[in-house]
Amino acid sequence: MTDQFFSKAQWIWRAEQAGRDEFCDFKSAFFVADGTEGEAYTLTIASDSNYTVWINGRLAAWGQYPDYPDYKVCDKVDVTEFVQAGENRVAITVWYYGLDNCSAYYPGEAGLIYEISDGDDVLDYSGAHTLSRLSRGHLSGQCVSISGQLGYTFHYDAKADDGFSLTAGGAGFAPSRPVPNISTDFHLRPNKKLILKERCPTTYVNMGVFKYIEPIDQPNANMQRAALSHRFPRDLIGTSDVTHPSTTHFAMREQEDAAWDGLYFIVDLGAETAGFLDLDIEVSEDCRIDVGFGEHLSDGRIRTGQCGFYCDVLAKAGRNTYLHTFRRLGCRYLQFFVHAREATVHYAGLRPTVYPLKFKDYQSGNLLRDTIYKVCQDTLLHCLHEHYEDCPWREQCLYIMDARNQMLCGYYAFDEYEAPRASLELMAHGLRPEGLLSLCFPAGFDLPIPFFSCMYFVAMNEYVQYSGDKSLIEQYDGVLETVMNTFLSKMQPSGVIDHFYGAKLYDQFYGFWNFYEWQPTMNGYDEGNRERTRLAAPLNAFLCLALRAYAEISDTLGKTDRAEDCRTRAASIARAIGEVFYNPETKLFETYDCISRGEYSVLTQALCVLCGAGEGKDLSRILPIVATNGKENFGLTVYPATLSMYCFRFDALLAVDREKYAPVILREIDEDYFYMLRQGATTFWERIIGAATVYDEVPSLCHGWSALPIYYYELLNK
């Protein structure tokens, strides 16, 4: 409750009602007497949606843990090093999203609450006396999204910035307004705070001059369509050395005419990175700087036009220094379109933000596998921040399926159990009224994937098995029971459960996204063109896996009757899958019972074998298809599994014959991941085709679910 963390503080906001995409500045001060050396000072803080704190002009804390309106999380931060004898100036900026259709934020009321104490006494706290204003340096109300999943981008105005964060000064402040309707049932952050690292070294990979063609009020589109005229470094910066530059002066030559809008340059961070934009640049005149970020550079520029992969800075004449501590960018490359004829760049890049992980030193004696393992660790690192993320570039969302793979691999790669526990707990707060779990956590936009809720049982059970901590399943056993009852309530006379349907939300969806993977017949996108009453083998197979995991969870909790019931139900459903979906003519499992198009899925075959539905069936075609990922197809149309679902292929093969298939699995991992390494991967990709994908698609080149080699190297190399 509140008095556990705050004894005087109130939720506050500026006097006016908050709008979407609003930055609000708060300032205060407290006094510390001389002779108090050795005291420890603690900042306790929470906000909706994100905060940054400066004490005496120094960055002291940042990064709100994602939460829900009824589940508020606060940070306790040691700020002793920032406190001095005498007056201490406190400056806080809060970015309120207010976005109701985002996959990485659940909409709540704008607010800030904080206290600074020395253990016994509260020295400063939020209340009506705290001064606040609409931020000057950050533009509010622009409401431009990077992607539907990630939410808003940001816009910084250096000309309007009055140095508030450095001095806690500035004009336009007034007493704050208490916000009484925000929950005060607080919980302490359940995992570690992120660490802000030093600047990434950068290398220039392209530079020249640009012209916006038919410019519109969308910098990301303008950068995508701009006419670019490349310049050699010696012609634009007077040197050919572009490696790890410190200070670089760009200038158009005198013969360059007014046909060009300004200078552009692209920097390479050297590897996939996630962090805060850090810019230190001098310009000869007031101008705008459009910044693009991304993972692909195959087209000579970053693909900013696919979504809104950009932010912008209104620079003032002279030197501009700016570190954005709110929106984390995930990228390999940054591009800067400077609307001026001359600029001096002292730094333009990122400062990485990382979750503090202790890496395992893996040495197998096989250089390729050691390298793949290390790159998998880096992939996991970049996909773990406040919670697990599918990818750091375009989504930064917590999905159950993606996170399950990350957790499983992380149990081997790191000495870390707080992060998986925290993410599993956050998922539990996403229980929906009908009894499934949300698509993402926390999220205002929700189109749940039913089988992800099945994988929650698997992830919870694996957490208990690896960590030895059963307190989580004790705490959320009621959630597990509710979810399982929701699935079992859909049981049909045939012994399998039906699909999930509801009111039509979009052209292709009926309240739920019946997705299995990114392949034809499996992605759930053509539901609107199919019969609404049908049964699906993958969903039922996933339910079998969930029941098995739930049985083990029940055993751990001493609920032996429930455990036995789960095992009995799993076996019964597996037999029913064999009766309903196995086609004796093709000797394969159909994905759906009522529609047979002569199209088959490797994933469906693997899941049916893994859940036990293949018992007593002729598997002479299924096993070669699963082992070769569809390359052996017996003249049939068979869609291969994608990287995200390799775990089910491999587990099915190992369940049938570990000795036979272990070398097959290791060889495939070696080949596929060596291919990505040869293509220059510094983290592993969402899809193996990587940057070579269809241009209009945006698969990420850093994706957490693709770190699976860690698990199989550990499992099969022993």
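Count residues from 1 along the sequence. Everything numeric in this text was worked out from a predicted model, so none of it was measured.
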Q: May I ask you to check whether Y639 and Y600 place their ring centres under 6.0 Å from each other?
A: no
(Q) With heavy-atom distances below 4.5 Å as the criterion, would you say the side chains of V638 and P640 are in contact? (A) no
(Q) Determine whether the aromatic ring centres of residues Y713 and Y412 are separated by less than 6.0 angstrom. (A) no
Q) Honestly, is R678 close enough over Y675, meaning NZ or CZ under 6.0 Å from the six-membered ring centre and within 45° of the axis? A) no
**Q.** For C647 against S644, the heavy-atom pair lying closest together
**A.** SG-O, 4.1 Å
Q.
A quick test of your reading: do over 12 heavy atoms of other residues, nucleotides or ligands sit less than 6.0 Å from CZ of F359?
A. yes
Q.
Are there over 12 heavy-atom neighbours, none belonging to K490, within less than 6.0 Å of that residue's NZ?
A. yes
Q. Using the benzene-type ring in the case of Trp, are the ring centres of Y456 and Y550 under 6.0 Å apart?
A. no
Q: Please report the shortest heavy-atom distance between A627 and R649, naming the atom on each side.
A: O-NH2, 3.3 Å
(Q) Testing the 3.5 Å rule here: is there a donor-acceptor pair between the side chains of D618 and Y582? (A) no
Q.
Salt bridge check, R658 against D651: does any charged N sit closer than 4.0 Å to a carboxylate O?
A. no
Q: Please tell me if the side chains of I669 and I665 come closer than 4.5 Å, counting only heavy atoms from C-beta onward.
A: yes
Q.
Can you tell me how the ring of F452 sits relative to the ring of Y399, calling it parallel under 30°, perpendicular over 60° and tilted otherwise?
A. perpendicular
Q | S438 side-chain N/O to G430 backbone N/O, donor-acceptor pair under 3.5 Å | A | yes
(Q) Please determine whether side-chain hydrogen bond (donor to acceptor under 3.5 Å, both in side chains) holds for the pair N717 and S364, giving the CA-CA distance in whole Å, both sets of side-chain angles, and the decisive distance to 0.1 Å. (A) CA-CA 8 Å; N717 273 333; S364 68; 5.3 Å; no
Q. Given the rule in the side-chain hydrogen bond (donor to acceptor under 3.5 Å, both in side chains) test, do T604 and T591 qualify, once you have shown the distances and angles that lead to the verdict?
A. CA-CA 6 Å; T604 298; T591 297; 2.9 Å; yes
Q: Locate the shortest heavy-atom distance separating R301 from L297; write the atom from each residue and the value.
A: C-CD1, 3.7 Å
**Q.** Considering all heavy atoms, the nearest Q377-F414 contact
**A.** O-CZ, 3.7 Å
Q. CZ of R569: more than 12 outside heavy atoms within 6.0 angstrom?
A. no
(Q) Check this for me: E615, atom CD, are more than 12 non-hydrogen atoms of other residues, nucleotides or ligands nearer than 6.0 Å? (A) no
(Q) Between R328 and E389, does any side-chain N to carboxylate O distance fall below 4.0 Å? (A) yes
Q: Kindly say whether the aromatic ring centers of F648 and F542 come within a distance under 6.0 Å.
A: yes
Q.
For the aromatic rings, using the six-membered ring if either is Trp, is the centroid distance between F684 and Y673 under 6.0 Å?
A. yes
**Q.** Verdict with reasoning, Y106 to F445, per ring pair (Phe, Tyr, Trp, His ring centres under 6.0 Å)
**A.** CA-CA 8 Å; Y106 194 98; F445 170 82; over 10 Å; no
Q) Taking it one step at a time, do E517 and T642 satisfy side-chain hydrogen bond (donor to acceptor under 3.5 Å, both in side chains)? A) CA-CA 7 Å; E517 70 167 332; T642 55; 2.7 Å; yes
Q: Would you mind checking if R421 and E416 are paired as a salt bridge, meaning a charged N to carboxylate O distance below 4.0 Å?
A: no
(Q) So which atom in L547 and which in C566 form the shortest heavy-atom distance, rounded to 0.1 Å? (A) O-CB, 3.5 Å
Q. Salt bridge check: are R562 and D555 linked by an N-O gap of less than 4.0 Å?
A. no
Q) Given side chains that start at C-beta, do those of R687 and L643 come closer than 4.5 Å, heavy atoms only? A) no
Q | Salt bridge flag under 4.0 Å for residues E579 and R575 | A | no
Q) W393 and F309: aromatic ring centres closer than 6.0 Å? A) yes
(Q) The test is ring pair (Phe, Tyr, Trp, His ring centres under 6.0 Å); show your working for F293 and Y310 and say whether it passes. (A) CA-CA 6 Å; F293 63 95; Y310 89 100; 8.6 Å; no
Q. Please walk me through it: do D378 and T683 pass side-chain hydrogen bond (donor to acceptor under 3.5 Å, both in side chains)?
A. CA-CA 6 Å; D378 288 338; T683 56; over 6 Å; no
Q. Any side-chain heavy atom of H296 within less than 4.5 Å of one from I302?
A. no
**Q.** Y712/F650 aromatic ring centres below 6.0 Å
**A.** yes
(Q) Minimum heavy-atom separation for G330 and Q396, please, with both atom names. (A) N-NE2, 4.5 Å
(Q) Taking the cut-offs as 6.0 angstrom to the six-membered ring centre and 45 degrees off its axis, would you call K374 and Y362 a cation-pi pair? (A) no
